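To start, the structure under review is shown below, and the notes come after it.
If you're wondering where the values come from, they're calculated on a predicted model, not measured in any experiment. Quick note: numbers below take in every heavy atom, side chains included, and nothing from hydrogens, waters or symmetry partners.
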Amino acid sequence: MQRCLKLAQNGLGLVAPNPLVGCVIVHEDKIIGEGYHHQYGGPHAEVVAVNSVKDKNLLRSSTLYVNLEPCSHHGKTPPCSDMIIEHKIPRVIIGCADTNPAVGGKGIKKLEGAGIEVTTGVLEKESLELNKRFFAHHNLNRPYIILKWAQSSDGFIDHIRDEGKEGPATISNSTSHRLVHQWRADEQAILVGTNTAILDNPALTVRLVAGKNPLRTVFDRQNRLTKDLQLMDGSTPTLIFSDAENQTEVKPAANLEYIFVEKEEVIYTKLCETLHKREIQSIIIEGGSMTLNSFIQQNLWDEARVFASPQMLGNGIHAPKIECRPQSQKEVAGDKLYFYRNYN
C-alpha cells in the first residue's frame with residue numbers, strides 16, 4: 001500500500017478532478033504489475049497495473065492493492081470494479097473508501113458480490129491525506145484551501161507601499177520561490193485580493209517549473225483592476241469576483257470572466273460555490289495580508305504554508321497569525337517553512 005501511495009503521488013496536478021490513485025498487483029509475495037492514474041481522462045490506476053502484467057493467467061491467484069476504492073460507474077472510462085471481476089482477481093486490498101456519491105461503497109459491494117475477498121482501511125489515514133483535495137470537494141462542497149505567505153524574522157509580510165511607487169519586499173529566497181511555483185502547478189486555482197493585484201501586478205502563473213497554470217482568481221469588489229495588469233492579459237483563464245452593481249464597461253479579454261456578487265452575498269461563499277460547481281478541488285491563497293486574514297478569521301482554510309526568512313524589515317505590514325502550533329517544519333535554503341493544519 002505504501003508503494004500505491006508513492007505511485008499515486010505522481011499524478012498530482014494532472015488528474016484532477018479525479019483522485020490520486022496508485023495500484024500494485026502481487027503474486028506469491030512478488031510485485032508483477034503496478035501503475036497509477038496519469039492524467040484526467042486517461043486509464044485508471046487499476047487498468048494500468050493490470051495491463052502491465054505480462055502473464056495475465058497469474059491474475060487469478062494474485063492480490064490487487066489500491067489506495068482508493070475502485071470505481072463502479074461509467075465516466076471517462078469503464079468501471080474498474082468490472083475489470084477486476086472480469087480478470088477474476090481473488091483478493092483486493094483498499095486504502096480507503098470513496099466518498100464520491102457516484103461510488104460511495106458501491107465498488108466494494110460489487111467486488112464482494114462477485115465473491116472477491118475485500119479488505120479495507122489499510123493505511124487509511126495516509127490514503128485519506130493523499131486525496132485531501134478530492135475529499136474536501138465531495139465532503140465539504142468546496143475546494144481544499146491552502147494559505148501561503150512569507151514573513152520576515154520580525155513578523156512582517158511586506159513594507160508599507162504607496163500604489164505604483166515601489167515593488168514588494170523580497171523576503172524568501174530563490175529556492176523558496178521555485179517551490180511556490182511547484183505548488184501553483186500542483187493546485188487547480190490561485191487567488192489574490194485587489195491590493196495585491198494592483199501593487200504587486202503578479203502573473204500568478206507557473207514559470208519556474210514545468211506544469212499547468214492554475215485558474216487565476218481575484219477579488220475586485222470595487223472594479224479597481226485596470227486592463228494593463230498581468231491578471232487581465234487573458235494569457236490564462238482568470239475569474240474576477242466583483243460586485244454586481246459595480247459592473248465594468250471594459251470588454252473582457254479572452255480567458256477573462258467576471259463573476260458578479262450580489263450585495264447580500266458573501267464573496268468567500270460565492271468563491272467556494274463557483275469553484276465547486278466547476279470541479280475545482282483546490283485553491284492556494286497567495287495574499288495579501290487582508291485577504292489571508294479574512295480566510296483565517298472565517299475559519300475557512302485547511303492548510304497554511306508559511307516561509308520565515310532570517311532577514312528583518314524593521315516595520316511594515318504585519319503577517320497573518322494562526323492560533324495553533326505548526327504541524328511540521330523544514331529548512332529551505334536558509335528559510336524555515338512551517339506547515340499548519342486546520343482540523344476544525
TODO: Heavy atoms only: give me the nearest Cys96-Ser127 pair and the separation to one decimal.
DONE: SG-CB, 3.7 Å

Task: Cationic N near anionic O, under 4.0 Å, Arg133 to Glu187 - done: yes

TODO: Tell me whether the centres of the aromatic rings in Tyr258 and Phe241 are closer together than 6.0 Å.
DONE: no

- [ ] Could you tell me whether a side-chain N or O of Lys56 sits under 3.5 Å from a main-chain N or O of Val53, the two making a donor and an acceptor?
- [x] yes

- [ ] Mark yes when over 12 heavy atoms from residues, nucleotides or ligands other than Lys132 sit less than 6.0 Å from its NZ; otherwise mark no.
- [x] yes

Open item on the list: Ignoring hydrogens and geometry beyond distance, is a side-chain donor-acceptor pair present between Arg224 and Asn195 at under 3.5 Å?
Closed with: yes

Task: Smallest separation among heavy atoms of Asp335 and Ser176, with atom names - done: OD2-OG, 2.8 Å

Task: Minimal non-hydrogen separation, Arg207 against Leu204, with atom names - done: NH1-N, 4.3 Å

Task: Aromatic plane relationship, Tyr36 with His38 - under 30° parallel, 30 to 60° tilted, over 60° perpendicular - done: parallel

- [ ] Identify the two heavy atoms, one from Leu5 and one from Leu123, that lie closest to each other, and give their separation to 0.1 Å.
- [x] CD1-CD1, 4.1 Å

Open item on the list: Between Glu303 and Tyr144, is there a side-chain donor-acceptor contact under 3.5 Å, judged purely by atom types and distance?
Closed with: yes

TODO: Decide whether Gln327 and Tyr343 meet the rule of one side-chain donor and one side-chain acceptor closer than 3.5 Å.
DONE: yes

- [ ] Examine Tyr65 and Val122 and state if one hydrophobic cluster contains both, with Ile, Leu, Val, Met, Phe, Trp and Tyr joined whenever side-chain heavy atoms are less than 4.5 Å apart.
- [x] yes

TODO: Determine whether Leu215 and Gln188 make a side-chain contact, defined as any pair of heavy atoms from C-beta on separated by less than 4.5 Å.
DONE: no

Open item on the list: Using the rule that Ile, Leu, Val, Met, Phe, Trp and Tyr join whenever any side-chain heavy atoms are under 4.5 Å apart, tell me whether Phe260 and Val218 fall into a single cluster.
Closed with: yes

Task: Charged N-O contact under 4.0 Å between Lys109 and Glu112 - done: no

TODO: Please state whether the rings of Phe156 and His318 are parallel, tilted or perpendicular, taking 30° and 60° as the class boundaries.
DONE: tilted

Open item on the list: Over 60° means perpendicular and under 30° means parallel, so tell me whether Phe307 and Trp183 are parallel, tilted or perpendicular.
Closed with: parallel

Open item on the list: Here's a test for you: under side-chain contact (heavy atoms from CB on, under 4.5 Å), which of Thr63, Leu58, Val66, Ile32 qualifies with Ile25?
Closed with: Ile32

Open item on the list: Show the nearest heavy-atom pair for residues Pro326 and Tyr340, with the distance to one decimal.
Closed with: N-CE2, 3.5 Å

TODO: Treating Ile, Leu, Val, Met, Phe, Trp and Tyr as nodes and any side-chain heavy-atom pair under 4.5 angstrom as an edge, say whether Leu191 and Val206 lie in one connected cluster.
DONE: no

Task: Any donor-acceptor N/O pair, Asn18 side chain to Gln39 backbone, under 3.5 Å - done: no

- [ ] Spell out, yes or no, whether Ile296 and Ile283 are grouped together once hydrophobic residues are joined by side-chain heavy atoms under 4.5 Å, including indirect joins.
- [x] yes

Open item on the list: Counting only heavy atoms not in Glu117 (residues, nucleotides, ligands), do more than 12 fall under 6.0 Å from its CD?
Closed with: no

Open item on the list: Looking at His37 and Val21, would you say the former's side chain and the latter's main chain have a donor-acceptor pair under 3.5 Å?
Closed with: no

Task: Over all atoms of both residues, closest heavy-atom pair of Tyr338 and Ala308 - done: CE1-CB, 3.7 Å

Open item on the list: Would you say Ile146 ends up clustered with Phe135 if hydrophobic residues are merged whenever their side chains have heavy atoms under 4.5 Å apart, either directly or through other cluster members?
Closed with: no

- [ ] Side-chain contact test, heavy atoms from C-beta onward, threshold under 4.5 Å: evaluate it for Leu300 versus Arg142 and give yes or no.
- [x] yes

